[in-house]
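Just so you know, these numbers come straight off a predicted model, no measurement behind them.
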Amino acid sequence: MQNILNRTSVRRFLDRKIEPEKLKQILQAGFAAPSAKNTQPWEFLIVQNRETLAKMATFSPYAGPIGRAALGMLVCADTNCNPFIDYCEQDCAAATENMLIAAKKLGIGSCWIGVYPNSERVEPIRQYFSLPQNIVPLWMIAFGYPAETPKVKNKWNDAKIHYEKF
């Protein structure tokens, strides 16, 4: 529970690689997520090359963290698994949250960077990575050992909880 409550977005990282076994654990957490009819529409493109990470940082005005990360991940949806992109987004979001929490548990920081549905972000990514038409880039995640300790925010809000009726 503490890894969920204490997870924050990390935007500055140490110059330290993520060990393969830790990356595997993060990915295992993603694959453990629920998905509509167990279609598992996620596709994870892992980037560790510094030049490619720097390029990924240009795909969004908010993508700076990925250029400083040890590892970048492009989370995509395969619409051949489920033609309804909205369900794919939900499934991939569940996988992403699992990976963010797993990373926190392993001492690895992360930052979720939106891409879809902004076509100004989607199309350059699609072209750069030569993604087939059925593979939709949803977002990027920056992973790395934190070079900062962001303040944990208490996000609890009683006003957003409703019982029986709104």
Sequence neighbours excluded and cut-off under 3.5 Å, please list the side-chain donor-acceptor pairs for residues 156-166, or say none.
from   : atom 1 : to     : atom 2 : distance (Å)
Trp156 : NE1    : Asp158 : OD1    : 2.7
Asn157 : OD1    : Ala159 : N      : 2.9

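- Residue-environment remark: CZ (Arg7) exceeds the threshold of 12 foreign heavy atoms within 6.0 Å.
- Asn6 CG: more than 12 foreign heavy atoms inside a 6.0 Å radius.
- Nearest heavy atom pair, residue Ala77 against residue Ile85, reads CB-CD1, 4.0 Å.
- Salt-bridge formation is not detected for the pair Glu148/Lys151: no Lys NZ or Arg NE/NH1/NH2 atom is positioned less than 4.0 Å from an Asp or Glu carboxylate oxygen.
- Here the straight-line distance linking atom CG of Leu71 with atom CD1 of Ile26 works out to 7.5 Å at 0.5 Å rounding.
- In this structure, Phe13 and Phe143 have side chains that are not in contact, with every pair of non-hydrogen atoms separated by 4.5 Å or more.
- Residue Lys55 places its NZ atom among 12 or fewer non-hydrogen atoms of other residues, nucleotides or ligands, all under 6.0 Å distant.
- Proximity of a side-chain donor or acceptor of Arg68 to a complementary backbone N or O of Arg11 within less than 3.5 Å is detected.
- At least one side-chain heavy atom of Arg126 sits less than 4.5 Å from a side-chain heavy atom of Val136.
- No more than 12 heavy atoms of other residues, nucleotides or ligands lie within 6.0 Å of CD in Glu120, so this atom counts as exposed by the packing criterion.
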Sequence neighbours excluded and cut-off under 3.5 Å, please list the side-chain donor-acceptor pairs for residues 94-115, or say none.
from  : atom 1 : to     : atom 2 : distance (Å)
Thr96 : OG1    : Cys92  : O      : 2.8
Thr96 : OG1    : Trp139 : NE1    : 2.8
Asn98 : ND2    : Ala29  : O      : 3.0

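- At least one side-chain heavy atom of Pro41 sits less than 4.5 Å from a side-chain heavy atom of Ser35.
- For Tyr116, there are no ring-ring contact (aromatic ring centres under 6.0 Å, His included) partners at least two apart in sequence or on another chain.
- Between Gln127 and Pro124, the closest side-chain pair of non-hydrogen atoms is not below 4.5 Å.
- Within the 4.5 Å cutoff, no side-chain heavy atoms of Lys37 are placed close to those of Asn82.
- Sorted pairs that involve residues 72-94 and meet ring-ring contact (aromatic ring centres under 6.0 Å, His included), not counting sequence neighbours, are lacking altogether.
- Closest non-hydrogen pair, Pro137 versus Ile125, comes out as CB-CG2, 3.7 Å.
- In this structure, Thr149 and Thr8 have side chains that are not in contact, with every pair of non-hydrogen atoms separated by 4.5 Å or more.
- Looking at heavy atoms from C-beta onward, Tyr145 lies in side-chain contact with Ile18 at the 4.5 angstrom threshold.
- Going from atom CD1 of Ile66 over to atom OG1 of Thr58 covers 10.5 Å, rounded to the nearest 0.5 Å.
- A search for ring-ring contact (aromatic ring centres under 6.0 Å, His included) contacts involving Tyr62 returns nothing, not counting sequence neighbours.
- Proximity of Val75 to Phe44: side-chain heavy atoms (C-beta onward) are separated by under 4.5 Å at one or more points.
- Interatomic distance, Phe129 CZ to Ile135 CD1, rounded to the nearest 0.5 Å: 13.5 Å.
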Enumerate donor-acceptor pairs with a distance under 3.5 Å from any side-chain N or O in residues 46-54 to protein atoms, sequence neighbours excluded.
from  : atom 1 : to    : atom 2 : distance (Å)
Asn49 : OD1    : Glu51 : N      : 2.9
Asn49 : OD1    : Thr52 : N      : 2.9
Asn49 : OD1    : Thr52 : OG1    : 3.3
Arg50 : NH1    : Ala69 : O      : 2.6
Arg50 : NH2    : Gly67 : O      : 2.7
Arg50 : NH2    : Ala69 : O      : 3.4

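- How far NZ of Lys17 is from CG of Leu23: 11.5 Å, rounded to the nearest 0.5 Å.
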